[in-house]
Engineer: 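Structure below; questions to follow.
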2 protein chains.
Amino acid sequence: MSNTPVADGRATSCAACPLRQKRALREFSADELAIVQRMKTGELRMKPGASFLRQGERNEHFYTILSGWAFRYKMLPDGRRQILNYALPADLVGLQGSLMVEMEHSVEALTDVTLCAFPRERLWTLYSNSPSLAFDITWLAAREEQLVDEHLLTLGQRTALERTAYVLLHLYTRAEEVGLTRGSDPVHLPITQQHLADTLGLSLVHTNKTLKRLHVAGMIRWKDRLFEVLDRQALAAAAGGDITRIRQRPFI
Amino acid sequence: MSNTPVADGRATSCAACPLRQKRALREFSADELAIVQRMKTGELRMKPGASFLRQGERNEHFYTILSGWAFRYKMLPDGRRQILNYALPADLVGLQGSLMVEMEHSVEALTDVTLCAFPRERLWTLYSNSPSLAFDITWLAAREEQLVDEHLLTLGQRTALERTAYVLLHLYTRAEEVGLTRGSDPVHLPITQQHLADTLGLSLVHTNKTLKRLHVAGMIRWKDRLFEVLDRQALAAAAGGDITRIRQRPFI
DNA sequence: CGCTTGATTGATGCAAGTCAATTATGGTGG
DNA sequence: CCACCATAATTGACTTGCATCAATCAAGCG
């Protein structure tokens, strides 16, 4: 198999994928690159607020996030919403809907999002042609579950203050991991307090008051979508332990 | 490859695996059966209360539950415990610990448990030799995440009464799926109210009082480890929607 | 028979929810 | 340029769902 970049009308060739540069992501062989390239059908752009995967619907593609932020969520019939997790660049979304009959959650864009699309049928081809990539996909699924496990511990056992500290530190750390911190500290955190409340399982008002406590204590600054950790030690302590970091990770 | 059952000192041959009978589980080809058989190193028996996979430790095996109940949980340094999910026959546990460096949660037996053990290195062999089984493993990982997602919605958004109704209905349904209902109705539910409280993220006392409400309303009966759904309609309504059932599922 | 584990119940307190009003802030059309 | 509107953040007053504390009861069991 050739390692020549495939030239085709698509926006980006996988060999030139900007995500490949990231230190946190594992290297691909030329073979693997070619397989992913052949599986990719194109790119998709989403506007903030667009739900591109919806609970109850069958989805024909799954996606890797090339750029932007999104979030996975579930809703109850009466409108209560629980945000399950956030999806950042290099994260895989919609895999569940490709394996099962239909999606059991929805995914919505928070910023302009660029997605790399793979048709669900070709997942099977990938499993037949590349055990290593199949392994990576399982790894990503297991990693996602691990994050949800941690979130579950947070909602079930931590107090409002601990929860808030934990989730903020978690988001900050993940943004760092994929190089979303410009320069030193502040990250662009494209969520409202309502999103945070729906993540924490708290009311909007109480979320606001808890944030204020963290702010007054000098641990964080969050203004105009810019988020800054001022005292990581203290924030980690308030969260009840630091965040589990991932060394090297695969992505498709 | 032969479809003759492999005779070797092990307790059960995979071809004769009692779980194969279950309607809910997908059929295996002779090839697949042989591969699983070769991967299996033996069986393990656990006593109630034994934690056979532990948070922070590296585990050399992952397991399929052949019989019995177990639960996955995480703990905070100060002892607070969150039960993430329960593991019933045909469920896979410890996969995460085989993919990642170490376990991020623990698993403890609730009853006598028989496990089918697979060494972590052979997972790679399986991915190389059987795309279909690799696919099944990913399916199981995605399914587990789906269950945790639902649980997260429950803890984040549902009230104590809704939570309790939901989790009980969930457990009952899953027990049904793998044929744990003897005769018609009552299931052996091998958990204490403390387990349930740690699952729901509620205090023991409040869990007890909420159970009583469901009992008084004539929806459930739970006495001496025997659990019965008396009014499924009402219980589902109290839970805020019925449980997502799975038609056909794979297992390893 | 006393010990331990689990279930049950009442009294009291507090963390978080709800209600309601006010203050930015930015967009937009007259 | 400004009046108008919608979205988001903030704050105070009041309410409540769930936690905590503290007994009591029931059942197995060595």
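Per chain, numbering begins at 1; letters A, B, ... match sequence-line order. Side chains are part of it too, since the values below use all heavy atoms of this structure and drop only hydrogens, waters and symmetry mates.
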Engineer: List the residues meeting side-chain contact (heavy atoms from CB on, under 4.5 Å) with B/K22, not counting sequence neighbours, and say none if there are none.
Structural biologist: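 Once residues adjacent in sequence are excluded, the partners of B/K22 under the side-chain contact (heavy atoms from CB on, under 4.5 Å) criterion are B/L19, B/L25.
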Engineer: Is the side chain of B/N59 donor-acceptor paired with the backbone N or O of B/H61 at a distance under 3.5 Å, no angle test?
Structural biologist: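 A pair under 3.5 Å: yes.
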Engineer: Taking OP1 and OP2 of C/dT25, is either one under 4.0 Å from a side-chain nitrogen or oxygen of A/R225?
Structural biologist: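 Looking at the OP1 and OP2 atoms of C/dT25, neither is under 4.0 Å from any side-chain N or O of A/R225.
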Engineer: Could you give the CD-to-C1' distance, from A/Q193 to D/dA9, as a whole number of Å?
Structural biologist: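 The distance from CD of A/Q193 to C1' of D/dA9 comes to 6 Å, rounded to the nearest Å.
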Engineer: Determine whether the side chains of A/T173 and A/R232 contain a donor N or O and an acceptor N or O closer than 3.5 Å.
Structural biologist: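 A donor-acceptor contact under 3.5 Å links the two side chains.
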Engineer: Rounded at 0.5 Å granularity, tell me how far CG in A/L196 sits from CG in A/L168.
Structural biologist: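 Result: 5.5 Å between the selected atoms.
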Engineer: How close or far is atom P of C/dT25 from atom CG of A/L226, stated in whole angstroms?
Structural biologist: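 My rounded result for the distance is 15 Å.
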Engineer: For A/K209 and C/dG17, what is the distance between atoms NZ and P respectively, to the nearest whole Å?
Structural biologist: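 Atom NZ in A/K209 sits about 10 Å away from atom P in C/dG17.
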Engineer: Any pair with a residue in residues 150-171 of chain B that passes ring-ring contact (aromatic ring centres under 6.0 Å, His included), sequence neighbours left out, goes on the list, sorted by first then second residue, please.
Structural biologist: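 Qualifying pairs, neighbours excluded: none.
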Engineer: When you measure from the side chain of B/E228 to the backbone N and O of B/I220, does any donor-acceptor pair fall under 3.5 Å?
Structural biologist: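 Such a contact is absent between B/E228 side chain and B/I220 backbone.
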Engineer: Taking only heavy atoms on the protein side, list every residue of residues 196-207 of chain A lying under 4.0 Å from any atom of DNA chain D, sorted numerically.
Structural biologist: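 Of all residues in residues 196-207 of chain A, the ones placing a heavy atom under 4.0 Å from DNA chain D are A/V205.
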Engineer: With sequence neighbours left out, write down each residue that passes side-chain contact (heavy atoms from CB on, under 4.5 Å) with B/L76, or none if nothing qualifies.
Structural biologist: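 Expected list: A/L153, A/Q157, A/R158, B/D78, B/R80.
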Engineer: Can you list every salt bridge (Lys or Arg N to Asp or Glu O under 4.0 Å) pair that touches residues 51-76 of chain B, not counting sequence neighbours?
Structural biologist: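 Of all non-adjacent pairs touching residues 51-76 of chain B, those that pass salt bridge (Lys or Arg N to Asp or Glu O under 4.0 Å) are A/E145-B/R72, A/D149-B/R72, A/E150-B/K74, B/R54-B/E57, B/R58-B/E60, B/R72-B/E144.
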Engineer: Can you name the side-chain contact (heavy atoms from CB on, under 4.5 Å) partners of A/A234, sequence neighbours left out?
Structural biologist: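 Per chain and number, A/A234 pairs via side-chain contact (heavy atoms from CB on, under 4.5 Å) with A/M219, A/D231.
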Engineer: The criterion is ring pair (Phe, Tyr, Trp, His ring centres under 6.0 Å); which residues satisfy it with A/F251, sequence neighbours excluded?
Structural biologist: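 Testing A/F251 for ring pair (Phe, Tyr, Trp, His ring centres under 6.0 Å), a comparison that skips the adjacent residues, returns none.
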Engineer: Would you jot down, in residue-number order, the residues of residues 212-223 of chain A having a non-hydrogen atom under 4.0 Å from DNA chain C?
Structural biologist: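 Nucleic-acid contacts, sorted: none.
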Engineer: Hey, does the side chain of A/T41 reach the backbone of A/A117 with a donor-acceptor pair shorter than 3.5 angstrom?
Structural biologist: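 Confirmed, A/T41 side chain pairs with A/A117 backbone.
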Engineer: When rounded to the nearest 0.5 angstrom, what is the spacing between NE2 in B/H195 and CZ in B/F71?
Structural biologist: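 B/H195 atom NE2 to B/F71 atom CZ measures 4.0 Å (nearest 0.5 Å).
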Engineer: For A/R158 and C/dA15, give me the distance from atom CZ to atom P, rounded to whole Å.
Structural biologist: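 A/R158 atom CZ is separated from C/dA15 atom P by 19 Å.
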Engineer: Please report the interatomic distance CG(A/L84) to NE2(A/H105), rounded to the nearest 0.5 Å.
Structural biologist: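 These two atoms lie 7.0 Å from each other.
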Engineer: With side-chain contact (heavy atoms from CB on, under 4.5 Å) as the criterion, how do B/E108 and B/L53 come out once you've worked through the C-alpha distance, each side chain's angles and the decisive distance to 0.1 Å?
Structural biologist: CA-CA 7 Å; B/E108 180 177 321; B/L53 289 165; over 6 Å; no
Engineer: Only pairs under 3.5 Å count here: list side-chain donor-acceptor contacts from residues 62-69 of chain A, not counting sequence neighbours, and write none if there are none.
Structural biologist:
from	atom 1	to	atom 2	distance (Å)
A/T64	OG1	A/I252	O	2.8
A/S67	OG	A/T114	OG1	3.2

Engineer: How many whole angstroms separate atom CG of B/N208 from atom C1' of C/dT9?
Structural biologist: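 Going from B/N208 (CG) to C/dT9 (C1'), I get 8 Å.
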Engineer: Reading nucleotides 23-30 of chain D from the 5' end, what letters show protein touch, with B for base, S for backbone sugar-phosphate only, - for no heavy atom under 4.0 Å?
Structural biologist: --------
Engineer: For the helix from C/dC1-D/dG30 to C/dG30-D/dC1, measure the angle between the helix axis at one end and the axis at the other, each built from five pairs, rounding to 10°.
Structural biologist: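 It works out to 30° between the end axes.
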Engineer: Please pick, from D/dT20, D/dA13, C/dG6, the nucleotide with the shortest atom-to-atom distance to any side-chain atom of B/T192.
Structural biologist: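 Looking only at side-chain atoms, B/T192 lies closest to C/dG6.
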Engineer: With a non-hydrogen cut-off below 4.0 angstrom, is A/R163 in contact with a base, only sugar-phosphate, or nothing?
Structural biologist: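 If one applies the 4.0 Å heavy-atom cut-off, A/R163 turns out to touch nothing in the nucleic acid.
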Engineer: Please list, by residue number, the residues of residues 71-81 of chain A whose heavy atoms come closer than 4.0 Å to an atom of DNA chain C; answer none if no residue qualifies.
Structural biologist: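 When residues 71-81 of chain A is checked for heavy atoms under 4.0 Å from DNA chain C, there are no hits whatsoever.
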Engineer: To the nearest 0.5 Å, tell me how far A/L202 CG sits from A/N208 CG.
Structural biologist: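 Here the rounded value is 11.5 Å.
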